[in-house]
Structures are given as C-alpha cells and as structure tokens.
Amino acid sequence: MEKICIISASVRKGRESHKAALYIRNLLKDKYRIEARLLDLMTYNFPLFEERLKYLESPSAEIMDFAEKVRESDGVIMVVPEYNGGYPASIKNIIDLLTDEWRRKPVAFVVVSNGHFAGSQVIFALQFSLWKIRALTVSPALRIADIETSIDGDGIPADKAGMDRNASSTINELLWYIEARRKMA
Ligand SMILES: Cc1cc2nc3c(=O)[nH]c(=O)nc-3n(C[C@H](O)[C@H](O)[C@H](O)COP(=O)(O)O)c2cc1C
C-alpha cells in the first residue's frame, strides 16, 4: 500500500484549512483504502528555521520524526492556505529544513482560502520552491474555495460529489507519479 503523508500547514489559532486535511485523509481511506499519515505542523510546533537538518548538531526529536516520515513516504500532499498571495511561513520552514528527503518526492497540493479564488495564487510560490528543492510536483492542485462553509468540522464537504471528483483528479495523478517513480527505482 502507498505511504502518503498529508502535511497540514496552518498553525493559526482558529484555522480552517485543517478541515481540508481531514477531508483528504477521509477520502484516501474511504475511496482508495490508503491510511495516510497526517503531519500537523500545529502539533509539531517547529521553531523558526535556522538551519537545514543535515547541518543541525542536535536536531529535536520532533524534527527527526518529521523528517523520517517524509523520507519513508511514497508521496506527500500539502494542504496550504493562501496568505497574502503566498504560503504561510510554516510551510517554507519545513521545505527549507529538509533536503534529500524532498528529492524526486511526488508532492501534490491542496490550496485553500476563504475567498472565491480558492488560494490559486499560492500554487505559484509552492510549485517554484518545491521544484527548486527537486521534488516532483503534481498537477492539478485541488483548489478549495470558501473554506468556512465548503467543508465542515469533521471534514465533510457541502458538495461531496463535486469535491470528490476534483480531489480524485489530484490524487490519481499523485498515484501515477508514485507508480512511475517506483518503476524507476
Ligand atoms: C495573513 C492572512 C493573509 C490572507 N491572505 C489571503 C489571500 O491572499 N487570499 C485569499 O484568498 N485569502 C487570504 N486570507 C484568508 C484565508 O484564506 C482564510 O483566513 C483561511 O481560512 C486561511 O486558512 P487557515 O484558516 O487554515 O489559516 C488570508 C488570511 C490570513 C490570516
């Protein structure tokens, strides 16, 4: 079975985008029979980036745990809210922290906002940073608009059929990349 990590990026009190991470976890379980690991950056509570893991003298247990989970995953889904047209510092923190762990790692995006444009702008910044670190970025991203009302607190979308259809396009593509990469191993 594929090992997939879902990284929930928002560390904001009262955050909304975490509901999208719960939704993706549920969909992977119910439709794809994949038990994804949820890596919640709010729980990890990493300090502001100072240096890459490979140069840290005594990395914390949390950093080691996070790096290990990314390293052993076949693919990653990042759930990222749009802040001022870009990504939150929490996600740059963990992109910069790791190096080889990202290399050729298939990474799909779920971008979220509370507006109608569904965090579309954050895709550019995410795509570029992940490309720079040599990850395999997956298109299309799942774009979730109006997050306050489009998904409830249990991760259930208001329009489940529609969101499942869009999310499946992203997940199917991620699974294709995972399979392709496996064939090249
Ligand atoms: C600092 C900040 C900047 C924001 N900038 C944008 C933006 O550029 N575009 C947008 O559509 N929504 C923006 N929003 C609204 C967010 O989409 C909304 O607050 C969403 O719930 C954020 O995800 P979170 O609740 O998980 O933190 C911004 C929110 C914050 C807190």
Side-chain angles (χ1 to χ4, degrees), residues 4-30 34 36-50 62-63 65-66 69-70 73 75-98 102 105 107-133 135 137-171 174:
I4 293 182
C5 286
I6 302 167
I7 297 178
S8 183
S10 180
V11 297
R12 193 176 68 84
K13 195 174 173 204
R15 64 187 175 168
E16 296 279 343
S17 62
H18 190 65
K19 300 186 298 185
L22 300 179
Y23 161 66
I24 291 294
R25 184 175 65 174
N26 293 344
L27 184 67
L28 283 168
K29 186 174 180 198
D30 297 343
I34 293 173
R37 272 180 167 160
L38 187 54
L39 307 185
D40 184 353
L41 298 189
M42 183 110 130
T43 308
Y44 277 107
N45 197 21
F46 291 134
L48 199 57
F49 174 85
E50 286 177 345
E62 287 80 13
I63 288 177
D65 173 84
F66 181 81
K69 284 176 176 153
V70 172
S73 69
V76 171
I77 301 175
M78 291 183 173
V79 179
V80 182
E82 180 174 302
Y83 289 173
N84 296 315
Y87 42 58
S90 56
I91 202 82
K92 189 66 161 58
N93 228 31
I94 55 102
I95 292 173
D96 294 342
L97 183 64
L98 307 183
W102 293 126
K105 184 75 69 185
V107 180
F109 307 138
V110 177
V111 296
V112 181
S113 90
N114 198 35
H116 297 320
F117 296 111
S120 302
Q121 288 177 307
V122 72
I123 296 172
F124 298 103
L126 266 180
Q127 159 79 19
F128 188 69
S129 292
L130 269 303
W131 172 76
K132 284 284 289 186
I133 200 84
T137 57
V138 171
S139 175
L142 173 63
R143 298 179 301 122
I144 300 180
D146 305 313
I147 184 64
E148 276 184 21
T149 51
S150 56
I151 302 182
D152 75 12
D154 296 322
I156 299 169
D159 171 16
K160 182 159 166 41
M163 199 170 285
D164 283 1
R165 199 167 44 246
N166 292 337
S168 297
S169 298
T170 300
I171 292 169
L174 176 68

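Keep in mind that the numbers below use all heavy atoms, side chains included, and drop hydrogens, waters and symmetry copies. Both ligands and their constituent atoms are indexed starting at 1 by order of listing.
Within the structure, side chain to side chain donor-acceptor pair (under 3.5 Å) contacts touching residues 144-155 (residues at least two apart or in different chains) are N114-E148, H116-D146.
A side-chain N or O of T137 and one of Q127 form a donor-acceptor pair less than 3.5 Å apart.
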Derivation of the side chain to side chain donor-acceptor pair (under 3.5 Å) call for S90 and Y44: CA-CA 10 Å; S90 56; Y44 277 107; over 6 Å; no

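Every residue was checked against the salt bridge (charged side-chain N to carboxylate O under 4.0 Å, His left out) condition with D159, not counting sequence neighbours, and none meets it. Judged as a side chain to side chain contact (heavy atoms under 4.5 Å, CB included), and not counting sequence neighbours, the contacts of S73 are C5, V76, K105.
Sorted by chain and number, the heavy-atom contacts of ligand 1 below 4.0 Å come from S10, R12, R15, E16, S17, P81, E82, Y83, N84, G85, S113, N114, I147.
Salt bridge present: D40 and R15 bring a charged side-chain N and a carboxylate O closer than 4.0 Å.
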